[in-house]
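As structure tokens, the structure follows; a few thoughts come after it.
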Amino acid sequence: MTSLLSRTILLLGAAAALSACGGSPTARYYTLLAPQQKAVAPAGTASYMVEVLPVIVPAQADQPQIMLRTGAGTVAPLYSDRWTAALGDELRAALSDGLTRELGVLDVQVVRPGPGAPVWRVQTDVQRFDMNDGGPAVLDVTWRARPLNTAGRGLVCRTVVSVPQEGSGITGLITAQQQATQLLARTIASAIQSGGERAQAPGEQVSVSGCTQLGDAGAK
């Protein structure tokens, strides 16, 4: 079976031939926002909002083109396959979508809260964002959920999500990474729902470790 890397090399060769003839390959754009899904909790059912801060991503993955891991220490840029926005922005939007659907809340970036409004602030630092040739999509993140002006305790955890590729080609990997991001959102949502007491893995594809409570309840 021809691997994704082999197909990529063939496509790059075809692109080079087109370039020599004065043409250029058509760029394809992808997003981490999963297809629209039904909200788990009706909007407005919670008494707080969420604030998803900008996501920190590793420089190796933070490129306009999709970076495909092809071996233990090698990656290949897919110049014709690109993100629709900066990778950190894609992740922030996807996490916001997952959290607001799971919790039935609004993101403060959509509705600006008044002074003293109850908010759960979410910070995420991505350690690994791997798109593996023929393998799983891997998302390794250290995250923190912290209550502001509401009851609860801050919680910091590490979560590793590994989702097998569905289908073939880059589309299958994108779908797997979309699912990985939504599983991460569900994990963080479980921490908020527990008031910062614990984070629960939503499935066998998710590993949660190193959880530590931070600060006083309802910190400002």
Does CZ belonging to R82 count more than 12 external heavy atoms closer than 6.0 Å?
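More than 12 heavy atoms, drawn from other residues, nucleotides or ligands, come within 6.0 Å of this atom.
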Which pair of heavy atoms, one from [X] and one from [Y], lies closest together, and at what distance?
| X | Y | answer |
| --- | --- | --- |
| Q165 | G135 | CB-O, 3.5 Å |
| P164 | A176 | O-CB, 3.5 Å |
| G154 | P147 | N-CD, 3.6 Å |
| P136 | S162 | CB-OG, 3.5 Å |
| L33 | A94 | CD2-CA, 3.8 Å |
| L78 | Q65 | O-CB, 3.4 Å |

Supply the atom-to-atom distance [X] [atom1] to [Y] [atom2], rounded to the nearest 0.5 angstrom.
| X | Y | atom1 | atom2 | result |
| --- | --- | --- | --- | --- |
| L184 | R186 | CG | CZ | 11.5 Å |
| W83 | Y29 | CH2 | OH | 13.5 Å |
| T212 | L155 | OG1 | CG | 7.5 Å |
| L68 | M131 | CG | CE | 7.5 Å |
| R28 | T171 | CZ | OG1 | 8.5 Å |
| Q213 | C157 | CD | SG | 9.5 Å |

List the residues meeting side chain to side chain donor-acceptor pair (under 3.5 Å) with T74, not counting sequence neighbours, and say none if there are none.
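Only T70 meet the side chain to side chain donor-acceptor pair (under 3.5 Å) criterion with T74.
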State, yes or no, whether a side-chain contact exists between [X] and [Y] at a heavy-atom distance under 4.5 Å.
| X | Y | result |
| --- | --- | --- |
| L91 | T124 | no |
| T181 | L95 | yes |
| V126 | P58 | yes |
| F129 | L139 | yes |
| L214 | R153 | no |
| V206 | T159 | yes |
| V156 | C211 | no |

Determine whether a donor-acceptor pair (N or O, by modelled atom type, separation under 3.5 Å) exists between the side chain of [X] and the backbone of [Y].
| X | Y | result |
| --- | --- | --- |
| Q177 | D130 | yes |
| E197 | Q193 | no |
| N149 | A117 | yes |

List the steps and the verdict of side-chain contact (heavy atoms from CB on, under 4.5 Å) for Y48 and V119.
CA-CA 5 Å; Y48 56 85; V119 172; over 6 Å; no
Distance alone, cut at 3.5 Å: any donor-acceptor contact between the side chains of [X] and [Y]?
| X | Y | value |
| --- | --- | --- |
| T150 | W120 | no |
| S96 | Q109 | no |
| Q182 | R101 | yes |
| T187 | Q200 | no |

May I have the step-by-step check of side-chain contact (heavy atoms from CB on, under 4.5 Å) for V122 and L99, ending in yes or no?
CA-CA 10 Å; V122 176; L99 286 169; 4.1 Å; yes
In terms of hydrophobic clustering (I, L, V, M, F, W, Y; side-chain heavy atoms under 4.5 Å; direct or indirect links), are [X] and [Y] co-clustered?
| X | Y | answer |
| --- | --- | --- |
| V138 | L173 | no |
| M67 | I56 | no |
| I174 | V57 | yes |
| V208 | L183 | yes |

List the steps and the verdict of side-chain contact (heavy atoms from CB on, under 4.5 Å) for E90 and T31.
CA-CA 7 Å; E90 284 285 335; T31 181; 2.7 Å; yes
Derivation and outcome, side-chain contact (heavy atoms from CB on, under 4.5 Å), residues L32 and L87:
CA-CA 9 Å; L32 285 174; L87 183 56; 3.9 Å; yes
Audit row: R144, D125, salt bridge (charged side-chain N to carboxylate O under 4.0 Å, His left out) steps and yes/no:
CA-CA 9 Å; R144 182 173 79 167; D125 188 341; over 6 Å; no
Can you check salt bridge (charged side-chain N to carboxylate O under 4.0 Å, His left out) on D97 and R92, steps first, answer last?
CA-CA 9 Å; D97 176 69; R92 201 215 73 82; over 6 Å; no
